[in-house]
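Written out below as structure tokens is the structure these notes cover.
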Amino acid sequence: MARSLGVPLAEAYPQVAAMWLQERNGGLTPAKATPTMQVAVWWRCAAGHEWEENISNRTAMPKWKNGDVAACRECIGYKVSYSYPDCGHTAMVTPEAAAKKRGRCWKCQQEWWQANEKRLKKELSTAAKAAAGRAGKLLDGVPVPADVPEPLVTEWRWWAAKHLQGAIAAEEQMGREGRTDEVLAQVTEMAARLLPTKEAAGRAAADGGVLRLLDQAHWAEGWLHQLTGRVARRVDKGTLDNMAWLLGEILADWSKRAAEAVAADRAKGHGPPATAEVTRALTRVVLSFKDELVRDTPLAPFARAYKDLRLPVVPDGKGRYGRADVVVWVPGGPNFVIEIDSAPNPASVEKLVFARDAGAFPLWVRFGKGDIEKIDGVMILDIRDTVRSVCEAEIAR
């Protein structure tokens, strides 16, 4: 039945008003209060349970009241009184929450964590490392489908072990009972569906170019090639030459600005940039290659450039999947897979050959000493002179 907003609580809900704990509510009375007031007051049921709650909440009719507007949460078992042993606070919680037997209320737990965060992180890290053996034995008992490639199983074990070790540490250091079983169920479920489907790889290749596997970003077009075995048409040499020329122009423009910055640093007494610094700078420049490719075209808002996308290739001597330094995805066209190296790197050759076979534009940017291999269908961009001019730049006198 509809209740008038101006009708006093005592008249509109006499059964609720009967639970009003007047000695704790000051001058406010059921005769003065209205059913929709957003004011917290104290209540006491016939069984003696006391609690503080807004008047508007008390007159609401959620499912747990089972049609009785004056129902007491504690009397019907919807909530129970729980005293936290470590902080001494008492609160009304669900029976499920009480069963977890937490030591502190939420507020006290946050304060305790802030005061002990540094120490706890160190202890959790130590406990997680110590749990490696136990995590490994648990994973040995998890079935993995026979059709999953061994490198992907290796990736899964690395991913699952990390999560399991953290769960074991959380149980030991934080008392989170059942966390190991919970995470073991999650990694077991993941093991059953490790291998991506052709459909999933195809959708990812057409929509952004990234396939998510085990919390890692993978090159979707590479996985589509791996799963289907299709032989893609190679990009012709003339097109590769044009792409290499465009990237070379971008790098030449960068070298002028970089040389000025390096010269200014050397004038202040700084030495030439280290190889790692040059590599990072080149990576940023190559990522901007995407903007030049689609400049003034309708594709500009949709093209993407990614750093360190994984490929389904395990270079010789490595234990896990390799990563492409830069991948540029343009809707409707082949992807660009670009490696940046200061010295000959056989792993880069393997990744670029795979990218070539998957139908991508494979470009290898090289700026270090050593012979530059000729690779069929892979464009090699030698920028040793460009980088040397940057590193040796000096202020004109």
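None of these values were measured; they are calculated from a predicted model.
The shortest distance between side-chain heavy atoms of Glu96 and Lys100 does not fall below 4.5 Å. Between Trp51 and Cys72, the closest side-chain pair of non-hydrogen atoms falls below 4.5 Å. With contacts defined as side-chain heavy-atom distances shorter than 4.5 Å, the pair Gln22/Pro30 qualifies. For the pair Val337 and Phe354, the minimum side-chain heavy-atom distance is 4.5 Å or more. With a 4.5 Å cut-off on side-chain heavy atoms, Tyr321 and Glu155 count as touching. Using a 4.5 Å cut-off on side-chain heavy atoms (C-beta onward), Val349 and Pro362 make no contact. Between Trp113 and Leu120, the closest side-chain pair of non-hydrogen atoms falls below 4.5 Å. For the pair Thr59/Thr36, no side-chain contact is recorded, criterion being any heavy-atom separation below 4.5 Å from C-beta on.
In this structure, the separation between CG on Leu213 and CZ on Arg310 is 10.0 Å, given to the nearest 0.5 Å. The distance from atom CD of Glu182 to atom CD of Glu171, rounded to the nearest 0.5 Å, is 9.5 Å. One finds the OG1 atom of Thr180 at 7.5 Å from the CG atom of Leu138 (value rounded to the nearest 0.5 Å). Considering NE2 of His225 and CG of Asp357, their distance stands at 5.5 Å, rounded to 0.5 Å. Note that the OH atom of Tyr306 and the NE2 atom of His218 stand 14.0 Å from one another [nearest 0.5 Å]. Rounded to the nearest 0.5 angstrom, Leu214 CG and His163 NE2 are separated by 9.5 Å.
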Which atom pairs, donor and acceptor, lie under 3.5 Å between side-chain atoms of residues 278-287 and protein residues at least two apart or in another chain?
| unit_1 | atom_1 | unit_2 | atom_2 | d |
| --- | --- | --- | --- | --- |
| Thr279 | OG1 | Thr275 | O | 3.0 |
| Thr283 | OG1 | Thr279 | O | 2.8 |

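Salt bridge Asp253/Arg257: present, at least one basic N to carboxylate O contact under 4.0 Å. By the 4.0 Å N-to-carboxylate-O rule, Asp140 lies too far from Lys137 to be salt-bridged with it. Salt bridge annotation for Lys256-Glu260: absent, with no cationic side-chain nitrogen under 4.0 angstrom from a carboxylate oxygen. Under 4.0 Å is where a charged nitrogen must lie from a carboxylate oxygen, and between Glu23 and Arg44 at least one such pair does. Comment: Arg193 engages Glu189 in a salt bridge, judged by a side-chain N to carboxylate O separation of less than 4.0 angstrom.
The aromatic ring centres of Trp43 and Trp20 sit less than 6.0 Å apart.
Without hydrogens or angle criteria, Asn25 side chain to Trp42 main chain gives a donor-acceptor distance under 3.5 Å. Here the side chain of Lys65 pairs a donor or acceptor atom with the backbone of Ala60 at under 3.5 angstrom. Looking only at distances, no side-chain donor or acceptor of Asn54 sits under 3.5 Å from a matching main-chain atom of Ser56. The closest donor-acceptor contact from the side chain of Gln173 to the backbone of Ala127 lies at 3.5 Å or more, if one exists at all. Judged by distance alone, with hydrogens and angles left aside, the side-chain atoms of Asp325 form a donor-acceptor pair with the main-chain N or O of Ile340 at under 3.5 Å. A donor-acceptor pair under 3.5 Å is absent between the side-chain atoms of Asp341 and the main chain of Ala343, judged by distance alone. Arg176 places no side-chain N or O within 3.5 Å of a backbone atom of Arg179 that could act as its donor or acceptor partner. Judged by distance alone, the side chain of Ser125 and the main-chain N or O of Lys121 form no donor-acceptor pair under 3.5 Å.
There is no side-chain donor-acceptor pair under 3.5 Å between Thr239 and Asn242. Under 3.5 Å, the side chains of Trp219 and Glu221 contain no donor-acceptor pair of N or O atoms.
Both Leu240 and Ile250 belong to a common hydrophobic cluster when Ile, Leu, Val, Met, Phe, Trp and Tyr are linked at side-chain heavy-atom distances under 4.5 angstrom. Clustering ILVMFWY residues whenever any of their side-chain heavy atoms sit less than 4.5 angstrom apart, transitively, puts Trp223 in a cluster other than the one holding Leu311. Under the 4.5 Å side-chain heavy-atom criterion for grouping Ile, Leu, Val, Met, Phe, Trp and Tyr, Ile383 is connected to Trp245 within one hydrophobic cluster. Hydrophobic clustering, with ILVMFWY side chains joined whenever heavy atoms are under 4.5 angstrom apart, groups Leu246 together with Leu299.
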| salt bridge (Lys or Arg N to Asp or Glu O under 4.0 Å) between Glu53 and Arg73, worked out | CA-CA 11 Å; Glu53 185 178 9; Arg73 290 178 175 82; 2.9 Å; yes

Criterion salt bridge (Lys or Arg N to Asp or Glu O under 4.0 Å) on Glu199 and Arg203, from CA distance to verdict = CA-CA 6 Å; Glu199 292 76 17; Arg203 286 194 300 271; over 6 Å; no

- request: Quick one: do Tyr13 and Val69 satisfy side chain to side chain contact (heavy atoms under 4.5 Å, CB included)? Show the steps, please.
  value: CA-CA 8 Å; Tyr13 295 94; Val69 71; 4.0 Å; yes

Trace of the salt bridge (Lys or Arg N to Asp or Glu O under 4.0 Å) decision for Lys237 with Asp241: CA-CA 6 Å; Lys237 186 178 184 303; Asp241 286 339; 3.1 Å; yes

Could you please spell out the steps behind the side chain to side chain contact (heavy atoms under 4.5 Å, CB included) verdict for Leu195 and Leu227? CA-CA 9 Å; Leu195 192 64; Leu227 294 167; 4.1 Å; yes

Handout entry: Residues Glu74, Ser81; criterion side chain to side chain contact (heavy atoms under 4.5 Å, CB included); working and verdict
Key = CA-CA 7 Å; Glu74 197 166 356; Ser81 178; 3.6 Å; yes

Margin query: Pair Arg157, Thr154 - check side chain to side chain contact (heavy atoms under 4.5 Å, CB included), show working.
Written below: CA-CA 5 Å; Arg157 282 192 68 95; Thr154 299; 5.9 Å; no

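By the ring-ring contact (aromatic ring centres under 6.0 Å, His included) test, Trp64 is found to be paired with Tyr78, residues two or more places apart in sequence or in another chain being considered.
The side-chain tip of Arg320 points at the ring of Trp158 from less than 6.0 angstrom away and within 45° of straight on.
The other residues sharing a hydrophobic cluster with Val93 are Val80, Tyr82, Tyr84, where clustering joins ILVMFWY side chains under 4.5 Å apart.
Shown are Arg323, Lys307, Lys351, Arg356; of these, the salt bridge (charged side-chain N to carboxylate O under 4.0 Å, His left out) with Glu339 is made only by Lys351.
Below 30°, between 30° and 60°, or above 60°: for Phe336 and Phe361 the angle between ring planes is below 30°, a parallel geometry.
Dense packing is recorded around CD of Glu52, with more than 12 heavy atoms of other residues, nucleotides or ligands lying under 6.0 Å away.
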